[in-house]
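These numbers come from a predicted model, not from an experiment. Numbers restart at 1 for each chain; the letters A, B, ... are given by sequence-line order, proteins then strands.
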Amino acid sequence: MNYFNLYSNILLTKGANRMLISDLQRRQSEIQALELYDIIEEFKTNSVEEVFSFYDDDSKEMVQEYLDFLLEKEYGFITTGDWDRNFAPLSLDYLDYNKISNLFIERNDLTIQPGLIQSIANLQIKHLVIYCGGNVSLSDFLKLEANFENSTVDSIEIFAPYHSEIDENFIQLLNKKAARIYNLVFFNCENEPFKAENAFKFDLLFSPQNLKISSCGKVSIDYFDTNITKVLEAINHNSCLNKKIGIDIHGNIKNCPAMPQSFGNINQNTLEQALTHPNFKDYWNLTKEEIETCKDCEFRNICTDCRAYTEQTHFNEQGLDISKPLKCGYNPYTNEWEEWSTNPLKYKAIEH
Amino acid sequence: MILIISKNKEVTTDEVIKWLLVMDKKFIRVNEDEVFEIKVASKRIYLESHRNRFFLDEITSVWYRRGGLKFKQTSYKNPAIQTHMRETQHWLEDYVLKTLEAKKHINKQSNSHVNKLMVLEKAMQAGLDVPQYYLANNTADVALGETIVKPITGTPILNAIDGKANAMMYTTVIDEPEEQEFFPSFFQEKVEKDFEIRSFYLNGKTSSIAIISQNDEQTKTDYRKYNIQKPNRNIRYNLPKEVEEKIDLLMCSLDLNCGSIDFIKSGNKFYFLEINTIGQFLGLSEACNFSFDREIAAYL
């Protein structure tokens with residue numbers, strides 16, 4: 001007798017009509033029919049020959065094709081006599097050493113007050129995202145970088161409006177001096193000042209869109225990422241808000257600048273104080289399994305989620321918003337993607 | 001206070017330190033560019049470099065990762081005094097190192113660099129299966145196509161061999177005879193493998209990963225020849241209990257409490273290949289969600 005062994009780093013996510021096979025090692029996911037999910041389940045408790053005997057002659061061909069596919073993709077392997085029981089399951093625990101991994105600041109300039117720099121050091125924050133509403137000069141960028149010399153911050157992402165001083169020379173100088181900026185987006189840019197090729201330490205994008213904080217929260221296949229660390233985080237925590245902290249344009253300390261609830265103001269309180277608020281971490285453990293519609297979606301373990309812009313249709317006993325993200329156009333029951341902003345059912349929530 | 005002996009830009013050390021910070025454990029990291037003087041204050045010995053200063057009695061545990069503690073040597077003009085002071089310095093250093101190694105530790109500076117030939121003998125004594133091996137300075141007795149050659153040294157890297165790039169000494173199958181004699185080299189029977197196993201051992205506990213490369217010609221003899229397009233499968237694997245017990249015996253006989261151990265699985269046998277005490281293991285740890293870095297931090 002032959003036995004099919006599924007590799008433990010292949011994760012199957014069952015959706016309402018389809019399933020997603022995620023190869024956590026090779027960082028790829030692909031959509032497959034639910035019947036393959038059932039066949040793989042049968043292979044877990046039956047020999048290959050037994051599974052074939054469950055199907056009639058016509059269907060046997062299909063089972064053979066699926067088996068060939070699983071072996072060709074190296075999702076598993078065949079053993080004789082028994083399953084190789086020494087292959088242990090993958091632990092799905094998520095362990096990380098960050099108190100806070102991500103700080104998202106909305107401001108009109110790039111000035112960071114000394115008290116906030118100290119908090120960033122105390123909390124050992126690694127990633128900084130700044131949405132800046134006002135124009136930024138080269139010296140502003142360099143001052144920001146200088147703030148975090150010898151700090152735990154290792155990457156900075158900046159969204160800022162395009163203005164006429166920004167040309168190739170500006171970017172070249174920034175490239176020479178910046179160490180932590182890894183992504184730079186200039187929005188409201190009708191004409192790119194030059195062709196931004198991958199010649200810099202950071203990714204650079206000139207976008208014609210008028211980006212706002214409310215532009216965040218889009219759920220799209222472009223943002224899906226089959227990365228073992230992100231997937232394990234999504235299985236155990238909220239894939240957007242876990243270990244994140246935000247400061248909005250008014251200085252309010254929040255889970256993300258676009259979230260409604262404030263846990264203090266940076267002009268009076270520290271990030272550390274806000275973190276001790278009993279409700280600060282409420283959303284951190286809200287997984288997709290608990291969110292309406294998402295819980296039936298095959299993409300739930302590789303999705304980005306958004307708790308700031310939702311359809312606002314469901315709340316749990318704790319008062320947490322468990323509605324589907326507003327800016328997700330995917331319907332797991334019909335498997336169709338549509339432009340979320342043109343769906344009439346979503347108008348009410350957008351107006352909010 | 002934890003003492004970490006390592007090198008600059010050593011990523012495994014960096015990761016363990018991040019966990020120590022979360023666990024609120026205090027530590028001192030010593031890198032290769034530090035030279036210590038042994039000093040005394042109020043009858044207590046302390047070590048001082050340009051970066052660090054600590055009392056011997058405040059160290060509670062030691063992690064020897066790489067490099068080693070270095071001490072400042074003073075020269076004296078008078079040969080008699082020079083000889084006497086050398087010996088004095090020697091015994092002081094000996095006392096400091098032995099005192100540190102007597103504390104709770106992960107590996108030791110004095111025995112962390114293992115001799116591959118000795119390790120193979122000890123492995124056989126522990127009851128592990130070892131592919132037949134021998135040293136030879138010609139290929140007269142080498143069974144072509146069935147024998148591999150690999151370095152006796154700890155590191156397989158030839159630094160800047162042509163003045164620029166490093167070269168890597170991969171394990172290679174001997175396909176043709178060599179006419180001339182050469183430096184004594186290590187030959188070993190080539191075992192047809194189902195797959196390779198890399199075990200991480202820490203204080204009696206073994207965690208293993210199967211590295212499945214057999215489908216792939218490029219990685220057949222040495223899994224370090226990565227195939228970027230289609231990487232080897234790295235999968236959690238449980239070695240049989242009796243093999244784990246033999247690993248424990250072997251590590252105890254070598255007085256090591258941490259290391260990576262390589263095996264080949266061939267049919268029902270698990271062939272021991274070698275131990276690496278200072279290798280990189282975090283890549284495999286992450287691939288199988290093991291958190292070895294956290295376990296090291298928790299033990300210290």
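- Considering every non-hydrogen atom in both Ser8(A) and Arg236(B), the closest pair reads OG-N, 4.2 Å.
- If you take CD1 on Ile209(B) and CZ on Phe87(A), they are separated by 12.0 Å, rounding to the nearest 0.5 Å.
- Within 6.0 Å of the CG atom in Asn268(B), the count of heavy atoms belonging to other residues, nucleotides or ligands does not exceed 12.
- Leu123(A) does not touch chain B: none of its heavy atoms, backbone or side chain, sits under 4.5 Å away.
- Environment of NZ in Lys201(A): crowded, with over 12 heavy atoms of neighbouring residues, nucleotides or ligands closer than 6.0 Å.
- A side-chain donor-acceptor contact under 3.5 Å links Arg233(B) to the backbone of Glu74(A).
- Using a 4.5 Å heavy-atom cut-off against chain A, the contacting residues of residues 4-19 of chain B are Glu15(B), Lys18(B), Trp19(B).
- Interface with chain A: from residues 286-295 of chain B, residues Glu286(B), Ala287(B), Cys288(B), Asn289(B), Ser291(B), Arg294(B) qualify, criterion being any non-hydrogen pair under 4.5 Å.
- The aromatic ring centres of Phe77(A) and Phe195(B) sit 6.0 Å or more apart.
- Neither the backbone nor the side chain of Thr152(A) comes within less than 4.5 Å of any heavy atom in chain B.
- Heavy-atom distances place the side chain of Leu232(A), and not its backbone, under 4.5 Å from chain B.
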Might you work through the side chain to side chain contact (heavy atoms under 4.5 Å, CB included) test for Tyr97(A) and Leu20(B), ending with a clear yes or no?
CA-CA 9 Å; Tyr97(A) 41 63; Leu20(B) 291 175; over 6 Å; no
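- Counted within 6.0 Å of CD on Gln132(B), heavy atoms from surrounding residues, nucleotides or ligands total 12 or fewer; the atom is thus considered open.
- At least one side-chain heavy atom of Tyr237(B) sits less than 4.5 Å from a side-chain heavy atom of Asp84(A).
- Under the rule for a ring pair (Phe, Tyr, Trp, His ring centres under 6.0 Å), His127(A) has no partner lying at least two apart in sequence or in another chain.
- Ranked by heavy-atom pairs under 4.5 Å with chain B, the first of Leu90(A), Thr229(A), Asn98(A) is Leu90(A).
- Other residues, nucleotides and ligands contribute at most 12 non-hydrogen atoms within 6.0 Å of the NZ atom of Lys205(B).
- Applying the salt bridge (charged side-chain N to carboxylate O under 4.0 Å, His left out) test to every pair with at least one member in residues 87-100 of chain A, sequence neighbours left out, gives these pairs: Asp96(A)-Lys243(A).
- Residue Lys103(B) qualifies as enclosed at atom NZ: its count of foreign heavy atoms under 6.0 Å is above 12.
- Asn9(A) places no side-chain N or O within 3.5 Å of a backbone atom of Ile235(B) that could act as its donor or acceptor partner.
- Within the 4.5 angstrom heavy-atom criterion, only side-chain atoms of Ile228(A), from C-beta onward, approach chain B.
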